[in-house]
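Data block below; observations after.
Computed over heavy atoms, backbone and side chain alike; hydrogens, waters and symmetry mates excluded. The sequence lines fix the lettering, A, B, ..., with proteins before strands; numbering per chain opens at 1.
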Amino acid sequence: MPELPEVESVRRSLLPYLPGRSVTEAEVHHPKVLVTPTPPEFISQIKGKRFETLGRRGKLLIFELPPYYLLIHLGMTGQVTFRDPGREDRPFERHPHTGLQRTLQHPVDQHTHIVLHFGDGCALLYRDIRKFGKWRLIHQDNPRLQSELAKVGTDPLTPDWKFEPFLKAVSKSDRPIKAILLDQQICAGVGNIYADEALFVSGIRPESRGSQLSRPRLKKLFQAVPEVLLKGLAAGGTSFSDYVDADGKKGSNQEQLLVYGRYGQACFRCQQTLLRTTVAQRTSSWCKTCQKP
DNA sequence: ACCTCGACCTGGGCGC
DNA sequence: TGCGCCCAGGTCGAGG
């Protein structure tokens, strides 16, 4: 559940459960899931620690368990869910456009690699089919904490998202604008879906070079980025709560992606067939008439 | 500093 | 039913 809106939905879904709960036991099942430090050290260090704040920057979850910070990156298929044995487990639902699996609660299965127990039967589960995700437990005084956080740049849903620095970063670059949007230093949290969406909304082709885009067009793009992220967040939240209400299927179709994954289909604005090209090594969908070079 | 490629993994969908 | 191929939200390191 990789891009900013999905990660933020995960963070919010855990808010009612994690803060104040202490880890009594921990299990790490699969050695290939990247956990630092080593699983035995991770387990002994996290035992007895209490969840405090749940933060996020870009796609990185930043959980505070004094005196440690737990940094979680979900990779492509990571899922963090709270499991209450007093509640019923739910089946996985596939996102109509992205294919991402979602559920409110699931039992431990072959893809569940980490379990944190809270002593009351409840647990935090980490499931990751492709195992690209990473869990890092870092002491608050370890300088590596700051270096890890520094790898994540400006999050477009914070007050740090300011036009002048964005303009400067983009216009000095000859890279395709899509590559710039995917740069986590510049737009932390934007991934393939929301890069395509923001470019469509602002009428810019993904392969356009940053240095060739005018100030007004970049202003539009600058505004489109948080706009599409917030729209995704609202849709994610909607389908998630609909799902909680056990009226799943209709709710999960709420998410309307304008271009991502829609190549070969008609553009919602002009009915032209959406094109597919590879930019920055990622599949991109875009509209030849609505998006100008 | 940038690009491209391959690697890391598993599973779903498609054509034959 | 099965096999082979291509595809997928992300990042990282090597080599040009």
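Here A/Leu125 is tied into one hydrophobic group with A/Val108, A/Val115, each link being a pair of ILVMFWY side chains closer than 4.5 Å.
In this structure, A/Lys59 reaches the sugar-phosphate backbone alone: every heavy-atom distance under 4.0 Å involves primed, P, OP1 or OP2 atoms, never a base. Here A/Pro176 lies in heavy-atom contact (under 4.0 Å) with sugar-phosphate atoms only. In this structure, A/Gln184 reaches the sugar-phosphate backbone alone: every heavy-atom distance under 4.0 Å involves primed, P, OP1 or OP2 atoms, never a base.
With salt bridges taken as basic N to acidic carboxylate O contacts below 4.0 Å, one links A/Glu164 and A/Arg215. The pair A/Glu8-A/Arg12 meets the salt-bridge criterion, since a charged nitrogen lies less than 4.0 angstrom from a carboxylate oxygen. The existence of a salt bridge linking A/Arg144 and A/Glu148 is confirmed by a sub-4.0 Å separation between a basic side-chain nitrogen and an acidic carboxylate oxygen. Looking at A/Glu3 and A/Lys59, no side-chain N of the basic residue comes within less than 4.0 Å of a carboxylate O on the acidic one, giving no salt bridge. At a threshold of 4.0 Å, the pair A/Asp196-A/Lys178 counts as salt-bridged, since one of the basic side-chain nitrogens sits closer than that to a carboxylate oxygen.
If you check C/dG10, B/dC3, B/dT4 against the side chain of A/Asn192, the one that comes closest is C/dG10. Side chain of A/His73, nearest nucleotide from B/dC2, C/dT11, B/dG11: C/dT11. Between C/dG10, C/dC12, C/dA8, one nucleotide has an atom nearer to the side chain of A/Glu3 than all others, and that is C/dG10. In this structure, the nucleotide among B/dT10, C/dG10, C/dA8 sitting nearest to the side chain of A/Lys131 is B/dT10. Listed candidates were C/dC12, B/dT10, C/dC7. Nearest to the side chain of A/Lys151 is C/dC12.
One finds a side-chain N or O of A/His111 lying less than 4.0 angstrom from the OP1 or OP2 phosphate oxygen of B/dG11. Under 4.0 angstrom from either OP1 or OP2 of B/dA1 there lies no side-chain N or O belonging to A/Ser173.
Look at A/Phe132 and the base of C/dT11; the rings do not stack under the cut-offs of 5.5 Å between centres and 30° between planes.
Across the protein-nucleic acid pair, A/Glu207 atom CD and B/dT4 atom P stand 13 Å apart, rounded to whole Å. Between the NZ atom of A/Lys178 and the C1' atom of C/dG10 there is a distance of 13 Å, rounded to whole Å. For the pair A/Arg136 CZ and C/dT11 P, the interatomic distance rounds to 11 Å; values are reported in whole Å. Atom CD of A/Glu93 and atom P of B/dG12 are 15 Å apart (whole Å). Nucleotide C/dG10 holds its P atom 16 Å from the CD atom of A/Gln79, rounded to whole Å. Taking atom NE2 of A/His30 as the reference point, atom P of B/dC8 lies 14 Å away to the nearest angstrom. Between A/Leu4 atom CG and C/dT11 atom C1' there is a gap of 17 Å when expressed in whole angstrom units. The separation between A/Asp174 atom CG and B/dA1 atom C1' is 10 Å, rounded to whole Å.
Atom P of C/dG13 sits at a distance of 15 Å from the matching atom of B/dC9, rounded to the whole Å.
Side-chain N/O atoms of A/Arg130 and base N/O atoms of C/dA8 include a donor-acceptor pair closer than 3.5 Å.
When both pairing distances are held under 3.5 Å, B/dC9 makes no Watson-Crick or G-U pair with any nucleotide shown.
Both A/Arg282 and A/Arg276 lie close to DNA chain C; mapped to their nearest nucleotides by heavy-atom distance, the more 5′-ward contact belongs to A/Arg276.
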